[in-house]
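For ligands, and for the atoms within them, numbers begin at 1 and follow the listed sequence.
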Amino acid sequence: MRSKISVSGIVQGVGFRPFIYRIAVKNNLTGYARNMGDGTVEIEVEGRNESIEKFIEDLHSEKPKFSRIDTFNRQDFNEEKGYSKFVILRSEHKERESASLIPPDLGICDDCARELFDPKDRRFGYHFITCTNCGPRFTIIEKYPYDKKNTSMRDFSLCKACAHEYENPLDRRFHAETIACKICGPSLALYDKNGVPIVGDPISNTANLIDLGKVVAIKGIGGFHIALSAYIDESIARLRKWKHREQKPFAVMAKDLNTVRGFAEVKEEEEELLSSAARPIVLLKLKKESRLSKMVSPGLHNIGVMLPYSGVHLLLFSRSKTDVYIMTSGNLPSEPIVAEEKEAFKKFSDFVDFYLIHNRRILHRCDDSVIRRVDDGFYFIRRSRGYTPEPLNLEGVKDTIGLGAEQNVAGCVVSSGRAYLTQYIGDIENLETMESYRHALTRILKLSASKPMAVAHDLHPTFNTTLYAQELSKEAGIPSFPIQHHHAHIASVMAENELEQSIGIALDGYGYGTDKNAWGGEVLFCDREKMIRIGHLEEQPYLGGDLAARYPARMVLAILHKSGYDNKWTSENLTKFPYGAEEVKILLKKLKLRDYILTSSTGRILDAISTLLDVCSTRTYEGEPAMKLESFALNAKGTFKIDPVIEKDTVKTTTLIEEIFLQLGKTSPAELAYAGEEYLARGISELAVIKAKEYGVRDISISGGVFYNEHISRTIRNVVESNKLRLYKHKYAPPGDGCISLGQAYIVGKWVMK
Ligand SMILES: [Zn+2]
Ligand SMILES: [Zn+2]
């Protein structure tokens, strides 16, 4: 008997064909396997019936760890072709419409890590050691099929020994497209800031320099890292000054799990995540006795931690006296991560002392992913390296593009019922980031072979992504659709959980509302036809728009002004206004003239509490006052409570801010911080519960950056579940604005384009 089989999913670049070879030989079958240009693997096997059945059983039950089978087609024939053995054929060279998936980049596997430190191994000490189970994938692939010549590994031709392993079906590196060794593979070199090469072993030299407090730019898998010791205050202070990053936390890389346990609390599930093939940055709770510099994550109770994920990382730690490095993305403020050496020399010259550079091209830049445990699950803060481009299955959704909003953007491309999020792009506020976005989106469009029928974008009329949508729409002759920000938030949760109808709670900093005001504390009713805003936080004057986000004292002033408490507060807090009394005077005039738009943002109220309690009065990075408030509130026992006031469709926030103001000096600030978070969480979720009952809806979806707050998330879940309603959250996309593009594409691809 003969069977012809076609498999799609993640089946290229994960050791799938060698695996097929092994199980075919094991079951005494002949035939072939090959990668097809559409991303599938085609298999033909010949032999006894039972052997073929056993082969197929093995195929499903023993498939390689990182593979994923989405479709499996089998045709049986009675006549045989008389194959004499089982072979792996050359990949089909034709590029075709894609049915399969490129695997994400995989962190170094245990076998390779062992060989790296085995003096008897051919790759002993070779920093670019990889195999079919590990190594870069997405960041080096240009097109299908996943074959060496379609990746940036094509710049290196195999030496005899590597070629032998590559051809040997019994070798772990059989058809490993990233196969390389000291003789034939990519090499490393260390340069000083003027581009002069440093003699000696680049890894040992780099390790020494970092021990001495130097700052080294290291070219990695998806781009550059800026690396330095996490123990030396002066080096960190220097970097902060140069990067104009006074307060924003830096992520660290620790030598191993044991080292992590020394400075952070890490639960079993977090250990698993840290050591998974994706090797994301995981936010962990800092231990009080941590010896890391306080300047790594100032004012926060947690720290972003990752483990080594390449040979270079492992070798560095093996030769360094420092067991924790700061490893922050190599970029200038609000620019994309740098992936190319010339650019690195140009952009980092002010703050980097040395450069550790390899000569393999990075084709897709890709930041490290960031994940945080919140309440009873994990949330992506940034979904990127190790996860991109793995798609979400979205059946019945037409090919569309979603472009996201402006902050933390990742684009979304739907192709044949699968939604692909691009890697994390960042805040699209300048040309560099916009260019990087175009590049990333074009690549995903190509790799996914999407034929978009429409493009969806944010309702905000002047976002760069809105302009980009208009351009794409014109170019491709397809319609474009504006989608309200919080509608997109909730729709993305609905997409991930396959909901047709839901009450949504969307809590974040800012989204352009259908009334042009600044929304961000919303209760929405969403179904396939419509979105209705059925509740929200009280609207407050948003004095000077973005300036009120930067200086939350403006929010406090506007709110306390209603009751006349503002005089007392501002006179004691003039320094919280950059221009002091003059500024306050102007703001009061604006209030009198009603010269402002309104905001129902949750973020702005958390910021206001943060500044009222002297926790943080200037936002130097996104979410800073609210994040520091969360850390600060952890010192509370929860003994003080303020009952939420709900009037009709509105949760009053004036009451909350006044109450906190009146309690200053009477109740401990930490208790007030905790009570403030609790008020907002209870207020908005109790309102949502009332509305759910009114609308006869049982499913509540939650989304928005505020849900990274553990206390708020937990409180809302408790309120929803104690009312016997079901709570739905993000599993695939981040709750922050990284999910917007998915929601946009879903609304248009599923509900608009019929
Ligand atoms: Zn490996
Ligand atoms: Zn070699």
Side-chain angles (χ1 to χ4, degrees), residues 10-22 62-68 102-141 146-149 151-189 202-203 220-222 253 256-257 272 274-280 306-318 358-361 385-387 390:
I10 301 182
V11 289
Q12 294 192 7
V14 286
F16 201 77
R17 288 171 307 164
F19 156 72
I20 293 297
Y21 177 90
R22 279 194 301 275
E62 288 169 28
K63 66 181 191 320
K65 196 167 158 199
F66 300 111
S67 65
R68 159 177 146 182
I102 310 152
D105 300 304
L106 303 167
I108 186 166
C109 73
D110 292 347
D111 289 331
C112 286
R114 190 172 27 75
E115 289 169 357
L116 183 64
F117 293 105
D118 176 2
K120 289 195 272 327
D121 194 273
R122 207 162 72 73
R123 292 185 179 80
F124 174 59
Y126 180 57
H127 43 82
F128 268 31
I129 186 170
T130 61
C131 69
T132 42
N133 296 319
C134 73
R137 300 287 187 272
F138 169 69
T139 49
I140 58 163
I141 189 170
Y146 174 67
D147 245 345
K148 190 164 184 255
K149 65 176 173 36
T151 72
S152 56
M153 284 304 289
R154 71 158 173 260
D155 305 347
F156 309 92
S157 32
L158 298 186
C159 70
K160 259 194 184 151
C162 283
H164 183 73
E165 291 169 341
Y166 186 86
E167 305 288 345
N168 176 7
L170 298 174
D171 196 280
R172 196 170 92 252
R173 296 193 173 83
F174 177 54
H175 279 265
E177 311 301 339
T178 53
I179 189 171
C181 75
K182 268 176 215 159
I183 297 160
C184 65
S187 57
L188 266 181
I203 299 251
I221 304 292
M253 182 180 279
D256 49 30
L257 270 178
E272 267 169 38
L274 282 168
S275 349
S276 68
R279 305 283 157 89
M306 63 184 146
L307 289 177
Y309 56 83
S310 73
V312 173
H313 299 151
L314 287 175
L315 289 170
L316 276 172
F317 282 113
S318 76
H358 63 70
N359 57 348
R360 181 174 63 200
R361 290 174 296 138
R385 181 191 50 77
Y387 298 95
E390 209 178 319

- Yes or no on side-chain contact (heavy atoms from CB on, under 4.5 Å) for His175 and Thr132, after CA distance, side-chain angles and deciding distance? CA-CA 7 Å; His175 279 265; Thr132 42; 5.6 Å; no

- Query: Cation over ring, Arg385 on Tyr309, under 6.0 Å and within 45°?
  - Reply: yes

- Note on the structure: From the list Leu314, Asp121, Asp111, side-chain contact (heavy atoms from CB on, under 4.5 Å) with Leu116 holds only for Leu314

- Angle at the Zn ion (ligand 1) between SG of Cys134 and SG of Cys112, to 10°? 100°

- Query: So among Lys148, Arg361, Lys149, which one has a salt bridge (charged side-chain N to carboxylate O under 4.0 Å, His left out) with Asp155?
  - Reply: Arg361

- Message: Need one value: angle at the Zn ion (ligand 2), Cys162 atom SG versus Cys159 atom SG, rounded to 10 degrees.
- Response: 110°

- Which angle, to the nearest 10 degrees, do you find at the Zn ion (ligand 2) between SG in Cys184 and SG in Cys181? 120°

